[in-house]
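Taking it in order: structure first as structure tokens, then the write-up.
Numbered from 1 within each chain, the chains take letters A, B, ... in sequence-line order. Given the structure is predicted, the values throughout are model-derived calculations rather than measurements.
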Amino acid sequence: MKYDFDLIEKKWQKIWDETGEFKISEDTNKPKYYALEMFPYPSGNLHMGHVRNYSIGDVVARYKKMRGFNVLHPMGWDSFGLPAENAAIKHGTPPAEWTWSNIDNMRSQLKRLGFSYDWDREVATAKPDYYKFTQWMFLKLYQNGLAYKKKSYVNWCPSCQTVLANEQVVNGKCERCKSEVGKKDLEQWFFKITDYAQKLLDDIDKLDGWPDKVRSMQTNWIGRSEGAELQFKLDGSDKTLTVFTTRPDTIYGVSYMVIAPEHPIVDELISGKPQEAECREFIKKVQSQSEIVRSATDTEKEGVFTGTYVINPFSGEKIPLYLANYVFVDYGTGIVMGVPAHDQRDFDFAKKYKLPIRVVISPEDKDIDSENLTEAFAAEGVLMNSDKFTGLNNKEALPKMIAYAEEHGFGEKKINFRLRDWLISRQRYWGAPIPIVYCDKCGTVEIPESQLPVKLPENVKFTGQGKSPLSECPEFVNTTCPKCGGPARRETDTMDTFVCSSWYYMRYCDPHNTEMPFSKEKTDYWMNVDQYIGGVEHAILHLLYARFFTKVLHDLGYIGCDEPFENLLTQGMVLKDGTKMSKSLGNVVSPEEIISKYGADTARLFILFAAPPERDLDWNDTAVEGAYRFLNRVWRAVDDLKDYMTDEKIGGLSEEDKKLRFAVNSAIKKVTENCNRFSFNTAISAIMEMVNSLYSYKEKAKEYNAPVITEAINSLILLLYPFVPHITSELWEVSGHTDKLSTHSWPEYDSSALVVNEIEIVLQINGKIRDKMVISPDLTPDEMKELALKSEKVQSFIEGKQVVKVIAVPKKLINIVVK
RNA sequence: GCGGAUGUGGCGGAAUUGGCAGACGCGCCAGACUUAGGAUCUGGUAUCUCCGAUGUGCAGGUUCGAUUCCUGUCAUCCGCACCA
């Protein structure tokens, strides 16, 4: 009988599909397990990254199921987004049509790989019954002050006439038309994620099951920094400017102040000043710089004097106020104090504009002076030239100086975050419409929940020119105000697709609920996700937004948990010849090609065997053949031995029988341990070793022991099942079983089969291996020592030397220390 | 600059609390079966001055014993980056 993977795989996929094998519901008699892989964007075809992601997830799901868990393992589609619209512009296909046909294609590809999803729970974010609740989420945020609209500088492509997301700006250029992206001041919707900055930061500590890398990336992204806000009076006015600084201890070293050119107060400051023209020129220049150039570390620091002075609240000194390109309007207060001696950026700026450099902190062990300074001294030290604070260590001085400022009413302690509010509006068609209307009488009015969803119109033209398609669709725009019934205009922006993907894992718990996004009862049973698996590229955006949503829904009482993902596995990339697979490099290996040549089981086995899940994996065609060869080897072994299968209990054993039983049971032990820690590559290698032992038994055993062979074959099939479910299902059947493999329990090893009556131990002299001996594992350390000293080799090595010490580790080794 | 990781044969990788470095697989070499084999089976495969030394990026340290723990250092990759 030949291993006909195509026939077998299609047969079992059909059975699974028709019998609803992987349908799951709540069952309080079993512990639940929620295994989740990041849902794909329906681009049209699966790539190897998907195959890897979902193969890992499928092993986890199938393994946990065999271990007695009630496993939720769903799949869906992150189906809103720009490519659908681009396809519409290019080919005239409506985004919906393009999306649904891509989904159909990719769903069948997933099925062809035999993943154990409960397809009854499939969700697609672009379906009205889903985005109804994305809109519901928006309303909940809006009602609780967490969604707001404000004017903001956004990326603007002048050629496409549209706003772009940061991700769509590549090296300062539009990813589609390659024209230079500018900035535009527009009214935009934001989610107030900054309200949760501290909580999101604090709870990173709880995420023990997440990789350090992701935790530190999120920590950096949130970017908490502690310091103070200090108020500087404007010279000749009663107004003040507030700076944020982490180094109030350097306040006596301030020799100038800088304000961001876009700062709203700038206009007032420069109006009528002799420097006005120069300043306006500078502002124009900075605004024309792209964000990339502007925020690059090596961009030269430039500025102009505003003609205005401010007063240092500590020293009373009058200092000049500059505009400069290195200050950002949206961080801190948009105004920064310049301390050239103790900050490298300020040092560079002061050198260029010949501003005073005054040292106010010096290292403990040496003196530094302003004249000879070649770079800023940013380290710890002792305060000097700092009035009553002189002589204090800067660490002690810092809280004292903040307290002093608070006492005198010109400053306070302040914590700033780098995290910005989340801009969620997009001037795009293929996204969830924001459920808001604008009424001349009532202003901004939310759509009542009962009227959701606000559906996307279908009769829309895609030209890629002019305004967003929705704003040019009068049937959509013109509506009535839900409050007063008068004429009103709909919001024509749609939501960022990351909004849709921030809550999909909750929807899987209760996907057919028409009243609510999910019931508390169902999420209380299933949430949180026990194991989340996906690429590290989502380390910040998606994973942070999902945490934010979970916390908001938790605080509003809709969900019990306050973190969505208990454990996170970030799988490595699939490479070819050391580089990322890409169409432009022409090194793409398509899953379909591999499946048709070797089958889904081989594809899965290779991908799981070639590297540990979190590491990058280099595609290797000959190693794929190796995986295929192994499956053939398994197939032949079972085929050859299946007639020995019996119900008889294990009885008398020959030496060969014992050897095989040892191999089988230690494989069960190893594979179990390896699967528990997701070390699938070593789990597979342990199974390979067991198959090698089985072949060796076939070759060497004088007489075949049917119960021992039965144990071996059954264990082999069961251990291999989570990795390669089709071939094992078939082998389970051909070897005479009538029950379902998918619900069979995971095998347990027989510890008596692992007992041996002799083991080999190592004899070391001074830590170097000199001999080996075979002894009973029960020998005491003293007995072992005695035996070891009798070894001829050992004797020749210790002859004429003094034995200082003998270390005996039971079942392992003996080390004799000599001088 | 800040943060995170990774360095082991020709290659992918293994060694869970310190205890035989290189499991398993790829590749390569040899043998068997065969008209033939790119099928299959069996054996071999770290390096060298190969009778016994050396080897887990490099240099130290702790220990009877270090791929594993500690200190320093180098290299590569990834993320953030003019954030005051």
Margin query: Over all strands shown, is A:Glu302 touching base, sugar-phosphate only, or nothing at heavy-atom distances under 4.0 angstrom?
Written below: nothing
Next item on the list: Could you check which of B:A5, B:G25, B:C82 has an atom nearest any side-chain atom of A:Phe328?
Entry: B:C82
Check: Do A:Lys805 and B:C64 have a side chain to base donor-acceptor pair shorter than 3.5 Å?
Finding: no
Check: Rounding to the closest angstrom, what is the interatomic distance between B:C11 and B:G61 at atom P?
Finding: 30 Å
Checklist line | Whole-angstrom distance between B:G72 and B:A23, as gauged at atom C1' | finding: 33 Å
Note to self: Let's see if you get this right: which residues in residues 255-263 of chain A place a heavy atom under 4.0 Å from RNA chain B?
What the structure shows: none
Notebook entry, point to check: Ion pair present between A:Asp343 and A:Arg247, side-chain N to carboxylate O less than 4.0 angstrom?
Noted result: no
Checklist line | N-O pairing of A:Glu226 and A:Lys414 below 4.0 Å | finding: no
Margin query: Taking NZ in A:Lys785 as the centre, count heavy atoms belonging to other residues, nucleotides or ligands within less than 6.0 Å. Is the count above 12?
Written below: yes
Notebook entry, point to check: For A:Asn681, which contact category applies under a 4.0 Å heavy-atom criterion: base, sugar-phosphate, or nothing?
Noted result: sugar-phosphate
Next item on the list: Figure out the OH/P separation between A:Tyr695 and B:U40, and round it to whole Å.
Entry: 10 Å
Margin query: For a quick check of understanding: with a heavy-atom distance under 4.0 Å over all strands, which category does A:Lys812 fall into, base, sugar-phosphate or nothing?
Written below: sugar-phosphate
Notebook entry, point to check: Could you give the CD-to-P distance, from A:Glu614 to B:G12, as a whole number of Å?
Noted result: 16 Å
Note to self: Mind checking if A:Arg636 touches a base, just sugar-phosphate, or nothing, with heavy atoms under 4.0 Å?
What the structure shows: sugar-phosphate
Check: Contact class for A:Gln344 (heavy atom, under 4.0 Å): base, sugar-phosphate, or nothing?
Finding: nothing
Notebook entry, point to check: What about A:Lys772, does its side chain sit under 3.5 Å from the base of B:C20 through a donor-acceptor pair?
Noted result: yes
Next item on the list: Would you check, one step at a time, whether the test side chain to side chain donor-acceptor pair (under 3.5 Å) holds for A:Thr622 with A:Glu625?
Entry: CA-CA 5 Å; A:Thr622 54; A:Glu625 301 228 18; over 6 Å; no
Margin query: Whether A:Tyr326 contacts B:A84 is assessed here as follows: a side-chain N or O lying under 4.0 Å from the phosphate OP1 or OP2. Is that the case?
Written below: no
Checklist line | 5' precedence on RNA chain B between A:Asp346 and A:Met217 (nearest-nucleotide basis) | finding: A:Met217
Next item on the list: Please confirm whether A:Tyr628 and A:Phe630 have ring centers closer than 6.0 angstrom.
Entry: no
Any protein N or O atoms within reach of nucleotides 75-77 of chain B? Criterion: under 3.5 Å, listing atom names and distances.
none

Checklist line | Note: A:Glu673-A:Lys669 ion pair, threshold 4.0 Å (strictly below) | finding: yes
Check: Which whole number of Å gives the distance between the P atom of B:G4 and that of B:C70?
Finding: 15 Å
Checklist line | Nearest listed nucleotide, side chain of A:Arg615, among B:A15, B:C80, B:G7 | finding: B:G7
Margin query: Nearest to the side chain of A:Leu813, heavy atoms from C-beta on, is which of B:C26, B:G19, B:G3?
Written below: B:G19
Next item on the list: Provide the distance between the two P atoms, one in B:C24 and one in B:A46, to the nearest whole Å.
Entry: 12 Å
Note to self: Heavy atoms only, 4.0 Å cut-off, all strands: where does A:Gly223 land among base, sugar-phosphate and nothing?
What the structure shows: nothing
Notebook entry, point to check: For A:Asn815 and B:C20, what is the distance between atoms CG and C1' respectively, to the nearest whole Å?
Noted result: 12 Å
Note to self: Suppose you measure atom C1' in B:A75 against the same atom in B:U8; what distance do you get, rounded to whole Å?
What the structure shows: 15 Å
Notebook entry, point to check: Can you tell me how far C1' in B:G10 sits from the matching atom in B:C28, rounded to whole Å?
Noted result: 9 Å
Notebook entry, point to check: Distance between the P atoms of B:C26 and B:G19, in whole angstroms?
Noted result: 28 Å
Margin query: Side chain of A:Arg770 only, heavy atoms from C-beta on: which candidate in B:A84, B:C26, B:A53 is closest?
Written below: B:A53
Check: Ring centroid separation for A:Phe498 and A:Trp422, is it under 6.0 angstrom?
Finding: no
Notebook entry, point to check: So what does A:Ser225 hit on the nucleic acid, given a heavy-atom distance under 4.0 Å: a base, only sugar-phosphate, or nothing?
Noted result: sugar-phosphate
Next item on the list: State whether A:Tyr695 and A:Arg633 meet the cation-pi test: NZ (Lys) or CZ (Arg) under 6.0 Å from the six-membered ring centroid, and within 45° of the perpendicular axis.
Entry: yes
Checklist line | Rounded P spacing from B:G25 to B:A36 in Å | finding: 28 Å
Next item on the list: List the steps, then state whether side chain to side chain donor-acceptor pair (under 3.5 Å) holds for A:Tyr331 with A:Ser225.
Entry: CA-CA 11 Å; A:Tyr331 182 75; A:Ser225 83; 3.1 Å; yes
Checklist line | Short side-chain N/O contact from A:Asn676 to OP1 or OP2 of B:U16, under 4.0 Å | finding: no
Item checked: Atom-to-atom span, NZ of A:Lys213 to P of B:G3 - whole angstrom -> 16 Å
Next item on the list: Whole angstrom is fine here: how far is it from CD1 in A:Ile607 over to P in B:C26?
Entry: 18 Å
Next item on the list: Please work out if A:Arg224 contacts a base, only the sugar-phosphate, or nothing of the nucleic acid, heavy-atom cut-off 4.0 Å.
Entry: nothing
Item checked: Nearest-Å distance for atom pair CZ/P, residues A:Arg633 and B:A39 -> 14 Å
Notebook entry, point to check: A:Phe609 side chain: which of B:U16, B:C24, B:A84 is closest?
Noted result: B:C24
Next item on the list: Would you mind classifying the nucleic acid contact of A:Ile769 as base, sugar-phosphate or nothing, using non-hydrogen atoms under 4.0 angstrom?
Entry: sugar-phosphate
Next item on the list: Can you tell me the distance, in whole Å, between the CZ atom of A:Phe680 and the P atom of B:A14?
Entry: 14 Å
Check: Looking across every strand, which nucleic acid part, if any, lies under 4.0 Å from A:Pro612 by heavy atom: base, sugar-phosphate, or nothing?
Finding: sugar-phosphate
Next item on the list: Using a 4.0 Å heavy-atom cut-off across all strands, classify A:Val327 as base, sugar-phosphate, or nothing.
Entry: base
Next item on the list: May I ask you to check whether A:Tyr322 and A:Phe349 place their ring centers less than 6.0 Å from one another?
Entry: yes
Next item on the list: Mind checking A:Asp348 for me? I need base, sugar-phosphate or nothing, with any heavy atom below 4.0 Å counting as a touch.
Entry: nothing
Next item on the list: For A:Glu625, answer base if it contacts any base atom (sugar-phosphate contacts may also be present), sugar-phosphate if it contacts only those atoms, and nothing otherwise; contact means non-hydrogen atoms under 4.0 Å.
Entry: nothing
Item checked: Worked check of side chain to side chain donor-acceptor pair (under 3.5 Å) between A:Asp639 and A:Tyr3 -> CA-CA 10 Å; A:Asp639 195 34; A:Tyr3 169 43; over 6 Å; no
Notebook entry, point to check: Does A:Val214 or A:Glu673 map to a spot on RNA chain B nearer the 5' end, using the closest nucleotide for each?
Noted result: A:Val214
Notebook entry, point to check: A:Ser685 has a side chain; which of B:C82, B:A23, B:G19 sits nearest to it?
Noted result: B:A23
Check: When you look at NZ of A:Lys801, are more than 12 heavy atoms from neighbouring residues, nucleotides or ligands closer to it than 6.0 Å?
Finding: no
Margin query: Under 4.0 Å from OP1 or OP2 of B:G27: is there any side-chain N or O of A:Arg629 that close?
Written below: yes
Check: CG of A:Leu419 versus C1' of B:A81: gap in Å, rounded?
Finding: 16 Å
Margin query: With side chain to side chain contact (heavy atoms under 4.5 Å, CB included) as the criterion, how do A:Ile193 and A:Leu200 come out once you've worked through the C-alpha distance, each side chain's angles and the decisive distance to 0.1 Å?
Written below: CA-CA 9 Å; A:Ile193 192 171; A:Leu200 288 166; 3.9 Å; yes
Check: Is A:Val762 touching bases, backbone alone, or none of the nucleic acid, heavy atoms closer than 4.0 Å?
Finding: base
